[in-house]
Number of protein chains: 2
Amino acid sequence: MSPRHSLAEAARTRDRIVGYAVAEASRVGLEGLTIGTLADGLGMSKSGIVGPFGSREQLQIEALDRAGGIFRAAVIEPVAGLPAGPDRLARLIDAWIGYLADCPFPGGCFVTAASTEFDGRPGPLRDHLRTAVTTWRSRLSGEIAAARVESAHRSPDEAATVLIGISMAVNQEIQLLDEPDAAERGRAAMRAAVGLPQ
Amino acid sequence: MSPRHSLAEAARTRDRIVGYAVAEASRVGLEGLTIGTLADGLGMSKSGIVGPFGSREQLQIEALDRAGGIFRAAVIEPVAGLPAGPDRLARLIDAWIGYLADCPFPGGCFVTAASTEFDGRPGPLRDHLRTAVTTWRSRLSGEIAAARVESAHRSPDEAATVLIGISMAVNQEIQLLDEPDAAERGRAAMRAAVGLPQ
DNA sequence: CCTACCGATCGGTAGG
DNA sequence: CCTACCGATCGGTAGG
């Protein structure tokens with residue numbers, strides 16, 4: 001008589017699985033996810049993992065979308081209420097570097113890793129990724145344009161390439177090289193790249 | 001009576017396998033390599049693939065090392081004979097962008113992809129990768145220092161982070177986004193980042 | 001959500 | 001270098 005209850009429980013189960021899959025995939029890649037490993041890690045059966053999603057690919061897609069939401073919550077939403085301008089760009093950079101240094105994904109920036117993993121694998125995952133990356137690039141470009149700062153770079157698009165690149169390099173320095181001053185150097189590099197005072 | 005012959009043939013077989021594995025791994029990742037797929041692709045049996053290397057991991061390591069050599073041949077060696085200075089740095093940037101735009105790996109920059117793939121997987125592959133990335137970073141930093149150019153960035157290490165980052169962003173724009181002007185924007189961004197004239 | 005099972009493929013070996 | 005084979009694991013399904 002209370003289908004609400006079981007629906008809510010089903011939604012919670014999905015959430016748990018996706019959350020665990022995101023953490024796991026940040027370490028071993030989305031293609032490294034296996035239903036058996038997730039089942040073991042969550043103390044469930046394989047059919048309990050795959051059932052709610054229908055296929056591994058659907059679970060991968062939902063994990064990717066969830067990761068995008070986590071990124072937005074960490075980097076975009078904290079500055080969304082501020083007026084556009086150099087100060088908001090500076091705070092966005094701080095949030096971004098903070099996200100890389102104290103990463104919500106145990107294996108480092110999810111989207112960066114997924115990008116190199118899927119750029120050569122056509123399919124719905126690559127399509128989702130393209131959309132996410134393009135949307136973020138546009139937003140960042142707009143943010144830089146709205147800040148109206150002077151820099152060595154000749155267009156907001158060029159500066160966006162530089163900031164996105166620095167974030168990837170910082171991610172590598174943290175995750176692969178264990179470089180302790182990667183975050184500070186990255187923040188300075190980002191500020192310098194868009195002409196913000198140190 | 002001619003062991004030379006069979007030794008040379010064995011070496012050629014190894015070479016063929018490693019070369020094919022590099023191309024394949026640039027598309028599906030080093031972890032996506034399977035002995036069966038390589039065997040099919042090369043028209044050989046699985047034992048013919050794994051035999052010369054002893055294990056899949058050893059083949060992965062040799063593929064990674066080979067990829068490093070291909071990068072050096074494309075980006076470092078062309079400028080090795082020139083005197084250090086701004087002109088050599090400019091030519092290095094041109095070679096680097098050319099490598100990204102007309103990539104010897106069908107799936108894009110091998111080391112960038114391997115870095116995000118293995119930064120969360122401890123083991124000999126990650127160790128090899130760390131060494132390769134650290135060596136390249138040091139060389140690039142030295143190159144920037146030797147050029148003695150003025151830029152918005154405060155140290156050769158910071159500028160190296162920016163150039164490496166731009167290369168990663170350009171790789172993404174080419175491989176994932178199919179952005180036609182990625183190479184030109186990347187070249188301009190790299191020159192601006194190290195204070196070279198456009 | 002579970003157990004039990006499917007055919008396919010995994011890395012690798014034995015023996016030649 | 002091959003064929004033939006090993007136990008383990010893959011994604012997924014049937015039936016409950």
Side-chain angles (χ1 to χ4, degrees), chain A residues 1-22 24-25 27-64 117-118 121-126, chain B residues 1-22 24-25 27-64 117-118 121-126:
Chain A
M1 265 319 201
S2 69
R4 277 262 209 82
H5 188 62
S6 65
L7 278 176
E9 276 191 1
R12 265 180 40 94
T13 299
R14 280 182 84 102
D15 264 21
R16 274 181 69 223
I17 297 171
V18 173
Y20 191 86
V22 165
E24 186 73 6
R27 271 191 264 259
V28 301
L30 277 167
E31 211 54 47
L33 284 181
T34 74
I35 295 169
T37 301
L38 294 174
D40 281 0
L42 287 165
M44 293 168 64
S45 68
K46 291 201 300 171
S47 70
I49 298 295
V50 81
F53 303 95
S55 70
R56 183 179 82 120
E57 187 172 63
Q58 185 57 36
L59 171 54
Q60 288 174 311
I61 289 172
E62 297 195 25
L64 179 59
E117 188 177 6
F118 282 94
R121 295 177 179 262
L125 273 156
R126 185 178 189 276
Chain B
M1 264 323 205
S2 69
R4 276 259 209 83
H5 188 61
S6 65
L7 278 175
E9 276 191 2
R12 265 180 39 95
T13 299
R14 280 182 83 102
D15 262 23
R16 273 180 69 224
I17 297 171
V18 173
Y20 190 85
V22 165
E24 186 71 7
R27 271 191 264 259
V28 300
L30 276 167
E31 211 54 47
L33 283 182
T34 74
I35 295 170
T37 301
L38 294 174
D40 281 1
L42 287 165
M44 293 168 64
S45 67
K46 291 202 302 171
S47 70
I49 298 294
V50 80
F53 304 95
S55 71
R56 182 179 83 121
E57 188 173 60
Q58 185 57 36
L59 170 55
Q60 288 174 312
I61 289 172
E62 298 195 25
L64 180 58
E117 188 177 7
F118 282 94
R121 295 177 179 261
L125 273 156
R126 186 178 188 275

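So that the names make sense, note that chain A is the first sequence line, chain B the second, and so on, each numbered from 1.
Distance check: Leu38(A) CG to Arg16(A) CZ gives 11.5 Å after rounding to the nearest 0.5 Å. Interatomic distance, CG of Leu64(A) versus CG of Leu125(A), reported as 6.0 Å (0.5 Å rounding). A distance of 9.0 Å separates CG in Leu59(A) from CZ in Arg14(A), rounded to the nearest 0.5 Å.
The side chain of Ile35(A) lies closest to dG12(D), out of dG12(D), dG11(C), dC2(C).
Taking the side chain to side chain donor-acceptor pair (under 3.5 Å) definition, one finds that Thr13(A) meets it with nothing, sequence neighbours left out. The side-chain contact (heavy atoms from CB on, under 4.5 Å) search around Ser47(B) returns Ser45(B), not counting sequence neighbours. Here Ala63(B) pairs with Ala21(B), Val22(B), Leu30(B) under the side-chain contact (heavy atoms from CB on, under 4.5 Å) rule; sequence neighbours left out.
A 4.5 Å side-chain heavy-atom check between Phe53(B) and Ile61(B) finds every atom pair outside the cut-off.
A donor-acceptor pair is defined here as one N or O able to donate and one able to accept, closer than 3.5 Å; such a pair exists between the side chain of Arg121(A) and the backbone of Val28(B).
The side-chain contact (heavy atoms from CB on, under 4.5 Å) with Ile49(A) is formed by just one residue from the set Leu33(A), Asp40(A), Thr34(A), Ile35(A); it is Ile35(A).
Here dG11(C) presents its P atom at 9 Å from CG of Leu38(B), a figure rounded to the nearest Å. Summarising the geometry, the separation between CZ on Arg16(A) and P on dC1(C) is reported as 8 Å, rounded to the nearest angstrom. Taking atom CD of Glu9(B) as the reference point, atom P of dC2(D) lies 13 Å away to the nearest angstrom. Rounded to whole Å, atom P of dG15(D) lies 18 Å from atom NZ of Lys46(A). Straight-line distance from the CG atom of Leu30(B) to the C1' atom of dG11(C): 16 Å, rounded to whole Å.
Backbone-only engagement by Leu33(B) is indicated by non-hydrogen atom pairs under 4.0 Å involving sugar-phosphate atoms exclusively.
Residues of residues 47-57 of chain A having a heavy atom closer than 4.0 Å to DNA chain D, listed by number: Ser47(A), Val50(A), Ser55(A), Arg56(A).
Salt bridge status for Glu31(A) with Arg56(A): present, with a side-chain N to carboxylate O gap under 4.0 Å.
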Between the protein and nucleotides 7-9 of chain D, list the N/O to N/O atom pairs that are separated by less than 3.5 angstrom.
none

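For the helix from dC1(C)-dG16(D) to dG16(C)-dC1(D), the terminal axes (five pairs an end, C1' atoms, rotation from four pairs onto the next four) enclose an angle of 0°, given to 10 degrees.
Closest heavy-atom contact between Lys46(B) and Ala39(B): N-CB, 3.8 Å.
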